[in-house]
Every structure is written in C-alpha cells, then in structure tokens.
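Worksheet: the structure to be examined is printed underneath.
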Amino acid sequence: MEQQHSYDVVIVGAGGAGLRAALEASTRARTAVLSKLYPTRSHTGAAQGGMCAALANVEEDNWEWHTFDTVKGGDYLVDQDAAEIMCREAIQAVYDLEHQGMPFNRTPEGRIDQRRFGGHTHHHGKGPVRRSCYAADRTGHMILQTLYQANIANGTTFFDEYYVLDVLIAEGRATGVVAYDLASGDLHVFRAKSVVFATGGFGRMFKVTSNAHALTGDGPAVLYRRGLPLEDMEFFQFHPTGLYRLGILLSEAARGEGGILRNKDGEAFMERYAPTIKDLAPRDLVSRAISTEIRNGNGAGPDGDYVYLDVSHLDPGVIDAKLPDVTDFARTYLGVEPKKEGVPIQPTAHYAMGGIPTSVDAEVLADAAGTVLPGLYAAGECACVSVHGANRLGTNSLLDIVVFGRRAGIAAAGHARGLRHAELPEDPAGDVRRALADLLDHAEGERAAAIRADLQAAMDRNAGVYRTETTLKQMQDTLDALDERYRRVWVQDKAGRFNTDLLEAVELGFLLDLARTLVVSALARQESRGGHFREDFPARDDARWMRHTLAFAEGGRVRLDYKPVTVTRYEPMERKY
Amino acid sequence: MQVTIRIRRFDPERDQAPHLESYQVPDAQPMDRVLDLLHYVKWNLDGTLVFRRSCAHGVCGSDAMLINGVNRLACKALVRDLGDTITVEPLRGLPVSRDLAVDMEPFFDSYRSVLPFLINDEPVPDSERLQSPEDRARFDDTTKCILCAACTTSCPVYWADGDYTGPAAIVNAHRFIFDSRDRGAARRLEALNDQEGVWRCRTTFNCTDACPRGIRVTQAIQEVKRALLFRRA
C-alpha cells in the first residue's frame with residue numbers, strides 16, 4: 001500500500017515557477033514541493049540572456065512599451081490584460097529577486113545593468129531598448145540558485161526525485177496528486193487542498209531541441225488525460241540559434257551584445273528580413289529567415305544546412321565578461337573559437353507558448369467559458385496565461401515564471417485557508433499502479449528509445465518551423481503508428497529502485513499525447529501567426545483565427561474548441577520590424 | 001570509431017559487490033559526449049543501466065561521474081579527449097544508490113550547513129540595493145557553482161572523512177561571505193571554523209581540476225581561511 005501525506009498546498013516542479021510559488025505558499029500554508037529532479041537541476045538554470053523589466057536604469061523605458069512589445073511579439077494572440085500585469089509587476093519582481101540575493105550585473109553607479117534583447121523596443125517599435133536585467137549569460141542559473149537558496153532559508157519541504165504521475169480530482173476540485181519515488185519505486189499519495197503544476201516544457205518531442213531530457217510535459221499530459229484542455233499547443237517556439245545538430249541554446253544575448261547572423265557568403269542577411277532591428281527581430285521571424293536562407297541554398301557546410309552566428313568582431317573582453325558560457329559551448333561541442341570564426345547554428349525547438357490554460361491568478365480553466373477548477377493552479381512554461389501568444393519574446397520566460405509563480409503561490413495558499421480536505425476516492429493510486437504494472441508486464445517488444453527517436457525525427461520533419469496540411473496529416477498518421485507501437489513498449493528493467501527505464505517509457509507516453517494535441521491544433525489553424533507557420537496559409541487571418549485553441553481528450557481523439565483573445569488597448573496591426 | 005565503455009555496475013539490492021561491465025559502441029564520433037555513449041548503452045544494449053542526466057550541456061550538474069579516473073560531467077567529456085577505451089564509475093565518497101547514481105543527500109546536507117542564502121535583516125529600499133561592479137566581481141567566480149559534487153568527491157580529505165564540509169559547500173559559503181550585501185559572514189565563518197571546516201583542506205587542488213565550471217575552488221577555500229585569520233587578528 002502506498003504512503004499517504006497531507007499538505008495544504010502541493011507544488012509540482014521546482015524550477016523557477018515552482019520555487020517562486022513555494023516561497024509564497026510555504027509562509028502561508030503547509031506546503032510540499034515535489035520535483036522529479038533535484039531542484040537545482042531544473043531547466044530554468046539553462047536560461048541565459050536575462051529577464052526584462054522596464055527599470056529604465058540605463059535609458060528611458062516604461063512598462064507600457066514592454067507590454068506593447070510583448071503583444072506585438074506574440075502576434076496579437078496575447079491576452080493583453082495578462083501581459084499588462086506581467087510587464088507592470090516585472091519591475092517589483094526584479095527588485096524582489098535582488099533582495100533575495102540575485103547577483104545581477106551592475107552599472108558603474110551600482111544599479112542593475114540592462115542590455116538589449118530581441119523584440120524589445122522603445123516608443124512602440126522605434127528602436128531597440130536596454131531592458132534585459134542579467135547575470136552574465138547565466139541569468140537563469142542565478143535565478144534558480146537564488147530561489148532555491150531562499151527556500152532553504154525559508155525551511156520549505158522538498159520531496160526530490162518524486163515523479164507526479166496523476167492528479168486527484170473529487171467533489172469538483174483538486175484533492176491531491178499521486179507520485180512515484182525514484183529511490184524506492186514506491187507510490188505516494190499526497191492529499192492537498194491546492195495543487196500547483198509548474199513542470200516546465202515538453203521540447204523533447206522534437207529531435208533538435210534546447211530542452212533538457214527531463215522536459216517531457218508531465219504536468220500538461222496528466223491534466224489533459226483527466227479531461228482538462230490544453231491551450232494553443234500549435235504555438236511552439238524555435239529559437240534561431242541552436243548549436244548545429246545538438247540544439248544547445250546560444251543565447252540571444254550574443255546578438256544583444258552585437259553578434260550578427262551570416263549566411264555561407266558572409267552576408268548579414270537579417271538586414272533583408274527586418275531592416276529596422278535586423279538581428280534583434282523576434283525569434284519566429286529570425287528562425288524563418290534562417291530556414292529560408294538554408295532552403296534557398298545560402299546555408300553553409302557540406303550539407304548547406306546551417307548559418308553562422310558571428311561574434312568575432314566583438315571586443316574579446318566583452319565576450320569573456322558577458323558571453324562566457326555560450327562561447328564555451330561552441331568551443332566544447334563544435335571545437336569552434338567564437339573570437340575568431342562564426343559558430344554554426346540552426347533553429348532549435350525551444351519553448352511551448354501553449355499549455356494548461358489559466359487565469360491571471362494561475363487558476364486552471366476547464367473550458368472555453370473560463371470555468372475555474374477549484375484548487376488547481378499552473379504557472380510557468382507548462383501554463384498558458386496567455387502572455388506569450390503566438391511567439392514569446394526573449395527574456396519573458398524568466399519574467400513569466402517569477403511573476404506568475406508568485407501569483408500561483410499566493411492564490412493556492414489563499415484557497416487552502418479554512419478549507420477542509422476533500423475525501424479521497426477509494427484506491428487513489430490505483431490507476432497509476434495498474435498503468436505501471438502494465439508497462440512492466442510486457443516480456444518483450446520495442447524499447448521506448450526507438451519509438452521516441454522516431455517521434456522526434458518525424459516532428460522535426462513535419463511540425464517544425466514550416467508546416468503544411470500535407471506534413472501535418474503525415475504526422476497524424478505517424479502518431480497513429482507510434483501509438484500502436486507504444487502499446488507494446490518493452491521496459492527491460494524490472495527493478496523497483498531507480499528504474500529510469502520505466503520512467504522513460506512513462507514520459508514517452510506523455511510526449512505522444514502532447515504531440516497529438518500540437519499536430520491536431522496546428523492542422524486546424526489555417527493561418528500563419530507567430531511560431532505557427534503554414535506554407536499553405538502564409539498570412540495571418542484575424543477574422544477567422546484571432547482566437548485561442550483548446551484541445552480536449554475525447555474518446556482517444558482530440559476535440560478542439562476555441563475562446564476569444566482578450567484585447568485591452570492594442571488593436572492588431574501588421575507586424576513589421 | 002569503435003569505443004569500449006567499461007561501466008562500474010552495482011545494485012545494492014541484488015549484487016554482492018560492484019563489477020565492471022564492458023559494452024561496445026560501434027559508431028562513436030570523436031565529438032560525442034560520454035553521455036551519448038551511456039545513452040547508446042541504455043537505449044540499445046542494456047536498459048537496466050542507471051545514471052542521472054538532464055540538460056546534457058553542462059549546466060544542470062546531474063551527471064558528474066568518474067571518467068577515466070577523473071571527475072567530470074558526462075555531458076562535457078568528449079570521446080576525442082578520452083580514447084577508445086573509457087572507464088566510467090560513480091563518484092567516490094558518496095554511497096552508491098545504483099550503478100552511476102549516488103546518494104546526494106549527504107552532499108546537500110553539507111551545502112545547507114553553510115547557510116547558503118543571503119542574510120540581511122536591514123530594511124530593503126524600494127528599488128534595488130546598490131552594489132558596485134567591483135563588489136559584484138568579488139564573488140563572481142563562486143556564483144558559477146552547479147552543485148554537481150565533482151569537486152567535493154575528488155577531495156582525498158573528503159574520501160577519508162565524510163563529515164568534512166567539503167569544497168562545494170565552502171564555495172557556496174564564499175559566494176555569500178564576499179557579497180557586499182550579505183551580513184551573515186560571521187555565522188558562516190563560525191561554522192567553517194570547526195574541526196570539519198576549512199582547516200581540513202590540504203590544498204591538493206583536486207577540486208579545482210575537477211570543477212566543470214572552471215571555478216578556482218582551492219583559491220576560494222584559501223580566501224575563506226584568510227577571512228577567518230583576518231577576523232581573529
């Protein structure tokens with residue numbers, strides 16, 4: 001029989017959003033944080049460039065310009081009320097981090113230094129602005145460390161290497177989660193009055209990705225299987241500068257500091273695509289520009305399938321002081337010296353704009369009418385508020401996790417106050433126990449790794465930077481075949497303790513479900529907007545498609561519904577840079 | 001090229017003692033990471049192999065292990081630097097949980113013992129506290145730590161005495177002791193002044209060599225020692 005625990009608030013995930021939520025929740029209510037990784041292993045730590053906030057420390061700026069940039073960058077699919085909240089609260093969020101000990105880079109006057117970043121402008125697009133607060137090119141690492149440290153000071157309770165595999169819903173509200181303890185192989189039932197999901201992204205459905213192996217979308221998949229919708233899944237960001245073939249992220253900060261993209265002829269081609277802000281255009285535009293250059297035969301290398309990120313003209317001192325990690329990645333993994341030569345790069349699957357639909361207080365929404373599922377919260381990349389719309393601006397992810405992580409923690413603790421625990425269903429862990437036993441039961445078959453590799457290759461081919469009806473239908477057929485193979489997946493390791501073979505199979509099941517929602521949502525959306533580019537429908541179509549997609553699991557298929565975009569002050573305009 | 005990878009396997013529940021198991025990786029490339037080889041083994045040859053990994057590019061700190069006798073991250077160690085026979089073992093000095101996964105709890109206990117968080121009870125300003133670029137640079141090196149345990153588990157003193165605070169925890173103490181915004185240096189120095197603290201360091205520099213982030217670990221420990229001496233003077 002599984003062990004039982006009881007808390008007011010359970011937070012699932014210990015990256016930036018989960019840790020920021022924990023800081024608020026644990027001072028207000030009995031809180032536990034469950035994470036499948038040790039908290040400091042979370043992928044927040046891989047974020048490099050910075051966190052935007054209109055502090056105006058180095059030049060004129062205000063949060064309204066930041067809001068405009070966020071809305072325009074998101075190709076007008078952003079819910080503008082949420083973007084206003086994020087950009088307004090950004091300023092205090094940065095100060096909070098500083099007060100918690102975050103070691104930001106400083107100006108000569110001792111203020112937090114700021115630098116340029118893609119899509120961030122002054123006066124509504126007139127030119128680039130220095131808005132990104134940063135700590136060298138390891139801003140995410142420093143935020144993750146700082147928030148974990150603050151939680152140690154706070155005495156937060158952690159359950160490390162606990163994989164949450166199910167959410168419990170009873171009496172119309174969230175009542176807890178079921179978790180698998182890696183070290184023992186035991187199942188644990190956590191009763192909770194509030195549950196916060198902060199499990200991060202799911203880039204591992206693609207082959208070339210900046211995402212960690214752990215990013216398999218466990219949270220969104222668990223909720224989706226329990227009947228909750230996933231919003232805007234077709235919008236996935238391909239970061240322009242992934243290290244060639246490996247997909248490891250080379251921060252936009254490299255271009256923020258003056259780096260230039262060049263094709264095989266050395267041409268600074270972004271001048272043709274975005275004459276005003278060139279290499280600092282938003283990521284969807286730059287990734288398409290790179291893919292177009294490669295398609296037109298302007299790619300470099302024997303296969304003509306990459307372009308160069310060139311920082312060789314920058315002051316070597318600036319490179320060492322402000323871009324030490326990204327230049328080290330190029331040296332380590334490609335053997336290229338960025339101070340002397342261009343670094344081969346290609347777009348890399350980077351960030352899910354879509355996810356679990358939430359209110360601005362991180363409450364999970366159960367339908368297109370915005371009905372709240374009481375006690376259930378989500379924040380960070382796994383959630384869709386939606387502050388990123390169809391394309392997230394660089395630095396806004398670190399901002400999202402601290403602003404909405406904080407809001408989630410406050411709301412979850414507030415909800416738990418004075419509430420009694422709901423009765424748990426009989427045998428709450430039964431479904432998970434049976435599913436795991438079934439996976440372990442297969443005596444032979446195909447390994448999860450083989451199925452996953454085929455999923456990733458097919459997603460790169462059919463659902464990447466460019467999509468058409470043909471490629472997406474092809475991907476649907478591929479997913480049918482992969483699902484069939486997955487039903488016979490073979491877990492070779494039958495041990496109880498540290499069975500990562502079993503968990504890889506479980507995670508693959510999550511990825512397959514989420515890939516299906518992405519493809520079905522993308523096939524239906526007959527327009528191009530932000531990160532979703534349909535070659536057969538290359539224009540944005542506001543009349544038909546200025547709305548959010550909701551994908552529901554229904555009888556083994558995906559059912560789609562739609563809800564309107566919240567517009568406050570910015571009417572959709574053509575997106576030029 | 002064909003690479004032979006020899007992996008020290010041990011499941012405390014089933015095995016009497018650890019043993020080395022050899023696997024052949026047929027199509028290894030010079031720029032492959034050791035992590036790629038481990039994945040090849042796990043995904044194609046033997047699904048029971050256990051190791052931790054996440055980011056796969058040297059920032060999360062999950063996959064520190066002993067590779068050809070040296071502590072490194074499997075995702076930053078390349079085949080071209082290691083040759084065609086590579087031996088991989090778990091970190092020393094921490095109990096083996098299974099194969100290459102070790103029990104990290106003693107390591108994190110030690111980390112928490114140095115109060116690794118900003119201590120400052122003074123009222124905060126409405127905006128940021130000021131800190132000069134020079135003051136910020138003073139502790140820059142030690143902010144790079146990813147808690148992978150490569151340094152601590154390369155230390156001969158730590159192998160002999162698991163209660164020694166160890167290099168990683170001292171690095172993280174250094175990060176706050178030399179932060180001009182922090183007011184907790186006295187408490188941290190007191191903790192590091194006891195018999196399991198900094199004075200156990202024998203400056204063998206193993207920790208500095210092992211650090212995948214290039215932190216000057218031994219120097220940081222020396223600076224903490226000097227801070228203790230200076231405080232007494």
Side-chain angles (χ1 to χ4, degrees), chain A residues 37-38 40-43 45-46 55 94-95 98-101 103-113 135-136 138 141-142 145-146 149-150 152-153 160 183 212-214 243 246 248-249 325 328-329 332-335 447-450 453 490-501, chain B residues 11-14 31 33 39 42-44 46-62 76 78 80 97-99 101 103-104 108 111-112 115-120 124-133 135-136 139-140 143-147 175-176 179 181-182 214:
Chain A
L37 302 172
Y38 278 95
T40 59
R41 314 297 186 220
S42 305
H43 211 52
L55 306 185
V94 168
Y95 295 149
E98 196 284 324
H99 297 157
Q100 286 154 1
F104 286 109
N105 278 41
R106 300 287 176 155
T107 67
E109 299 76 36
R111 311 293 301 268
I112 293 169
D113 196 14
R138 53 178 186 281
H141 164 78
M142 293 316 326
Q145 298 289 327
T146 299
Q149 290 156 351
I152 292 174
D160 298 330
H213 287 280
L243 214 54
L246 294 164
I248 295 168
L249 178 68
D325 282 2
D328 191 43
F329 295 144
T332 302
Y333 297 111
L334 293 183
R447 301 285 307 282
W490 176 44
V491 176
Q492 188 181 358
D493 192 353
K494 309 295 184 192
R497 302 172 53 260
F498 284 91
N499 193 338
T500 52
D501 197 32
Chain B
D11 182 346
E13 277 199 346
R14 302 177 180 202
M31 296 303 281
R33 301 160 276 197
H39 274 146
K42 184 171 181 65
W43 293 341
N44 298 286
D46 189 345
T48 69
L49 176 66
V50 174
F51 53 91
R52 291 192 181 94
R53 88 289 189 256
S54 189
C55 79
H57 64 284
V59 298
C60 82
S62 295
K76 280 193 90 172
L78 303 186
R80 65 159 186 202
S97 299
R98 199 177 152 191
D99 296 339
D103 181 2
M104 296 294 291
F108 280 105
Y111 168 68
R112 286 186 285 263
L115 312 176
F117 40 81
L118 193 84
I119 297 173
N120 185 329
V124 290
D126 290 336
S127 64
E128 72 268 51
R129 280 175 290 226
L130 299 183
Q131 182 171 52
S132 72
D135 283 345
R136 167 64 180 78
F139 64 101
D140 186 66
T143 65
K144 295 173 186 165
C145 176
I146 56 174
L147 299 168
R175 177 254 172 275
F176 289 102
D179 186 334
R181 301 169 296 172
D182 187 79

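- Most heavy-atom pairs under 4.5 Å with chain A: of the set B:G58, B:S62, B:S132, B:G214, this distinction falls to B:S62.
- Contacts of B:R129 with chain A are made by both backbone and side-chain atoms, with heavy-atom separations under 4.5 Å.
- Interface remark: of the candidates A:L334, A:I248, A:T107, A:L37, A:I248 forms the most heavy-atom pairs closer than 4.5 Å to chain B.
- Using a 4.5 Å cut-off between heavy atoms, B:D46 touches chain A through backbone and side chain atoms alike.
- Between A:K494 and A:N499, the closest heavy-atom pair is C-ND2, 4.1 Å.
- A pairwise comparison of heavy atoms in B:P116 and A:I152 identifies CG-CD1, 4.1 Å as the closest pair.
- With respect to chain A, the highest number of heavy-atom pairs below 4.5 Å among B:C145, B:P125, B:P12, B:P133 belongs to B:P133.
- Contact count versus chain B (heavy atoms, under 4.5 Å) is highest, among A:A214, A:A183, A:G110, A:G335, for A:G110.
- Chain A forms the most heavy-atom pairs under 4.5 Å with one residue out of B:R112, B:R80, B:R53, and that residue is B:R53.
- When heavy atoms are compared at a cutoff of 4.5 Å, A:I112 approaches chain B by way of both its backbone and its side chain.
- Heavy-atom distances place the side chain of A:H141, and not its backbone, under 4.5 Å from chain B.
- Annotation: maximal heavy-atom pairing with chain A below 4.5 Å, among B:A101, B:A56, B:S97, occurs at B:S97.
- The greatest number of non-hydrogen atom pairs below 4.5 Å with chain B, out of A:G496, A:A150, A:S42, A:A495, is found for A:A495.
- Nearest heavy-atom pair, A:N105 versus B:R136, reported as atom, atom and distance to 0.1 Å: OD1-NH2, 3.9 Å.
- No donor-acceptor pair closer than 3.5 Å links the side chain of A:R41 to the backbone N or O of B:S54.
- With a 4.5 angstrom heavy-atom cutoff, A:D113 does not touch chain B via any of its atoms.
- Taking each heavy atom of B:F176 and A:Q149 in turn, the nearest pair found is CZ-OE1, 3.3 Å.
- Interface summary for chain B: among A:A453, A:A153, A:G45, A:P108, the most heavy-atom pairs under 4.5 angstrom belong to A:A153.
- What you find for A:Q492 and A:D501 is that their closest heavy atoms are N-OD2, 2.8 Å.
- Judged purely by distance below 3.5 Å, without hydrogens or angles, the side chains of A:T500 and B:K42 pair a donor atom with an acceptor atom.
- When each of A:R497, A:E109, A:Q100 is scored by its heavy-atom pairs under 4.5 Å with chain B, the top score falls to A:R497.
- The two residues A:Y38 and B:F108 have their closest heavy-atom pair at CD2-CE1, 3.6 Å.
- Side-chain contact between B:D179 and B:L118 is present, with at least one heavy-atom pair separated by less than 4.5 Å.
- Using a 30° and 60° split on the angle between ring planes, B:H57 and A:F329 fall in the perpendicular class, above 60°.
- No donor-acceptor contact under 3.5 angstrom links the side chains of B:R33 and B:H39, judged on distance only.
- For A:T146, no part lies under 4.5 angstrom from a heavy atom of chain B.
- Residues meeting the salt bridge (charged side-chain N to carboxylate O under 4.0 Å, His left out) test with B:E128, sequence neighbours left out: A:R111.
- Neither the backbone nor the side chain of A:L249 comes within contact range of chain B; no heavy atoms are under 4.5 Å apart.
- Proximity to chain B (any heavy atom under 4.5 Å) is shown, for A:P103, by both the backbone and the side chain.
- For A:F104, the part lying under 4.5 angstrom from a heavy atom of chain B is the backbone only.
- No part of B:I119 comes within reach of chain A, as not one of its non-hydrogen atoms sits under 4.5 angstrom from that chain.
- The part of B:D126 that comes within reach of chain A is its backbone (N, CA, C, O), which places non-hydrogen atoms under 4.5 angstrom from that chain.
- Counting heavy-atom pairs under 4.5 Å between each of B:L147, B:V59, B:D140, B:N44 and chain A puts B:L147 at the top.
- At least one side-chain heavy atom of A:V94 sits under 4.5 Å from a side-chain heavy atom of A:L55.
- Only the side chain of A:R447 comes within contact range of chain B, judged by heavy atoms closer than 4.5 Å.
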